[in-house]
2 protein chains.
Amino acid sequence: MLRLSKKADYALIAMRHLAGASADSSVSAREIAESYGIPAELLAKVLQRLVRSRLLVSVQGTRGGYRLAGDPRLLTVADVIQAIDGPVAVTACSPDDHGCEQYDRCEIRDPLWKIKSRIVDALATVSLAELAEPAPAPGTPVAVPMYVRGTAPAPPQAVE
Amino acid sequence: MLRLSKKADYALIAMRHLAGASADSSVSAREIAESYGIPAELLAKVLQRLVRSRLLVSVQGTRGGYRLAGDPRLLTVADVIQAIDGPVAVTACSPDDHGCEQYDRCEIRDPLWKIKSRIVDALATVSLAELAEPAPAPGTPVAVPMYVRGTAPAPPQAVE
DNA sequence: TAATATAGGACTTGCTTGGTCGGACTTGAG
DNA sequence: CTCAAGTCCGACCAAGCAAGTCCTATATTA
């Protein structure tokens, strides 16, 4: 599995949309919802959470809406996902919180935590700017290392 | 989130345990379950699934149990997780199956698929052998690229 | 044959997720 | 000042899924 939640999907779609919009106009939740066929009330709640996480700023009142809170080249997919779904965690336990029956007997924590940090890394290396223009011309400087492009031949095993 | 299921946890714990056991003796489900405080019936079903996926072989009857089906250096965490939770998928849709309302409007698929393949990659580069000996002596040859060790700083290169 | 394994389907339960509703607050226009 | 459009935000509901239990069948050994 490892599927991310629909709310996270919606958040990414909206953030990408806003990354494409001009930086000083605000777009309403309803407008975005209609563009992509997303339940408006739900998207609203998602956007509110993004505001609370300081990824968006909201403009209240008539003709209000949302705007990115920062440079789309610096906001990453990881930021969005963590704002919605909470911190990425592969295991039930973390260095602080041993929320697991077999914590003391467990021998697989450490390697899994390493894997987790590689996953966070994968999420953090894709910026919203990249989402907004999915086919960057070769040589376009996008504040991100290049190994993210080049769809990883997914080594030995059957990926599916 | 991105949390993996408890069944997958149990599977990894069991597989690691078996990777540590001698290769020609079989270990029963109950034995493993008791070692780690895992519900026996549940673990049994997990192990059965691993047999069906050809990661384990089972020995029936009294003093039966389970054995790894292959070299622990070649079996990876990705294999185990995919056997239990099904193919890793970050999005609801895949190149074949557009299982999503906003498939045609959606612009974030491709980058997310790239991220997915990076995640699979992270899972596939950790072998059961590595799980079994979490602190490999420097220089130990374990059929796996070395950038997986060296925890977090996430080396900005290589991958391929 | 008795004891101990795996194999596997059916079922319960509790939490999470997706989605809805209704009210409070903000702004802009008359 | 007041009203309407629109946003913010918490509470609520329902369906689905994951975790765990139970029960039966089958295989193997002593």
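The chains referred to below are lettered A, B, ... by the order of the sequence lines, with proteins before strands, and numbering in each begins at 1.
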>> Which residues in residues 76-93 of chain A have a heavy atom closer than 4.0 Å to any atom of DNA chain C?
In response: none
> In the 5'-to-3' direction, what one-character label does each nucleotide of nucleotides 19-30 of chain C receive under the scheme B = base within less than 4.0 Å of a protein heavy atom, S = sugar-phosphate only, - = no such atom?
Replying inline: BBB----BBS--
Protein-nucleotide distance ([X], atom [atom1]; [N], atom [atom2]), rounded to Å:
X: B:Leu43; N: C:dA7; atom1: CG; atom2: C1'; result: 14 Å
X: B:Tyr66; N: C:dA5; atom1: OH; atom2: C1'; result: 8 Å
X: A:Leu4; N: C:dG18; atom1: CG; atom2: C1'; result: 15 Å
X: A:Leu56; N: D:dC9; atom1: CG; atom2: P; result: 12 Å
X: A:Ile38; N: C:dG18; atom1: CD1; atom2: P; result: 12 Å
X: A:Arg67; N: D:dT7; atom1: CZ; atom2: P; result: 14 Å
X: B:Arg30; N: C:dT6; atom1: CZ; atom2: P; result: 8 Å
X: B:Gln48; N: C:dG9; atom1: CD; atom2: C1'; result: 10 Å

> Does A:Val46 share a hydrophobic cluster with A:Leu68, counting links as ILVMFWY side-chain heavy atoms below 4.5 Å and allowing steps through other members?
Replying inline: yes
> Same cluster or not: are A:Val88 and B:Ile119 linked, directly or through other Ile, Leu, Val, Met, Phe, Trp or Tyr residues, by side-chain heavy atoms under 4.5 angstrom apart?
Replying inline: yes
>> Test salt bridge (Lys or Arg N to Asp or Glu O under 4.0 Å) on A:Arg3 and A:Asp9; report intermediate values, then the result.
In response: CA-CA 10 Å; A:Arg3 177 91 175 67; A:Asp9 288 341; 2.9 Å; yes
> For B:Tyr10, what residues pass the ring-ring contact (aromatic ring centres under 6.0 Å, His included) criterion, not counting sequence neighbours?
Replying inline: none
> Does B:Arg52 place a side-chain N or O at less than 4.0 Å from the phosphate oxygens OP1/OP2 of C:dG8?
Replying inline: yes
>> Does B:Ala44 reach a base, just sugar-phosphate, or nothing at all? Heavy atoms under 4.0 Å.
In response: nothing
>> Go through it in stages, so that I can follow the logic: the residues are B:Ile13 and A:Gln102, the test is side chain to side chain contact (heavy atoms under 4.5 Å, CB included), and I'd like the CA-CA distance, side-chain angles, deciding distance and then a yes or no.
In response: CA-CA 10 Å; B:Ile13 291 176; A:Gln102 34 282 119; 4.2 Å; yes
>> Five pairs per end, C1' atoms only: what is the angle between the end axes of the helix from C:dT1-D:dA30 to C:dG30-D:dC1, to 10 degrees?
In response: 10°
> Under the criterion side chain to side chain contact (heavy atoms under 4.5 Å, CB included), which of B:Arg49, B:Gln48, B:Met15 is the partner of B:Leu56?
Replying inline: B:Met15
>> Would B:Thr76 and B:Asp79 count as a side chain to side chain donor-acceptor pair (under 3.5 Å) here? Give the steps.
In response: CA-CA 5 Å; B:Thr76 71; B:Asp79 297 324; 3.2 Å; yes
> What residues, two or more places apart in sequence or in another chain, satisfy side chain to side chain contact (heavy atoms under 4.5 Å, CB included) together with A:Glu41?
Replying inline: none
> Which is it for A:Leu112 and B:Leu12 under the side chain to side chain contact (heavy atoms under 4.5 Å, CB included) test, yes or no, and what are the steps along the way?
Replying inline: CA-CA 10 Å; A:Leu112 287 183; B:Leu12 286 172; 4.1 Å; yes
> Between B:Ser53 and B:Leu55, is there a donor-acceptor pair closer than 3.5 Å when you use the side chain of the first and the backbone of the second?
Replying inline: no
Let me have the donor-acceptor pairs involving side chains of residues 23-36 of chain B, under 3.5 Å, with sequence neighbours excluded, atom names and distances please.
{"from": "B:Asp24", "atom 1": "OD1", "to": "B:Ser22", "atom 2": "OG", "distance (Å)": "3.3"}
{"from": "B:Ser25", "atom 1": "OG", "to": "B:Ser22", "atom 2": "OG", "distance (Å)": "3.0"}
{"from": "B:Ser28", "atom 1": "OG", "to": "B:Glu31", "atom 2": "N", "distance (Å)": "3.1"}
{"from": "B:Arg30", "atom 1": "NH1", "to": "B:Glu34", "atom 2": "OE2", "distance (Å)": "3.4"}
{"from": "B:Ser35", "atom 1": "OG", "to": "B:Glu31", "atom 2": "O", "distance (Å)": "2.9"}
{"from": "B:Tyr36", "atom 1": "OH", "to": "B:His17", "atom 2": "ND1", "distance (Å)": "2.8"}

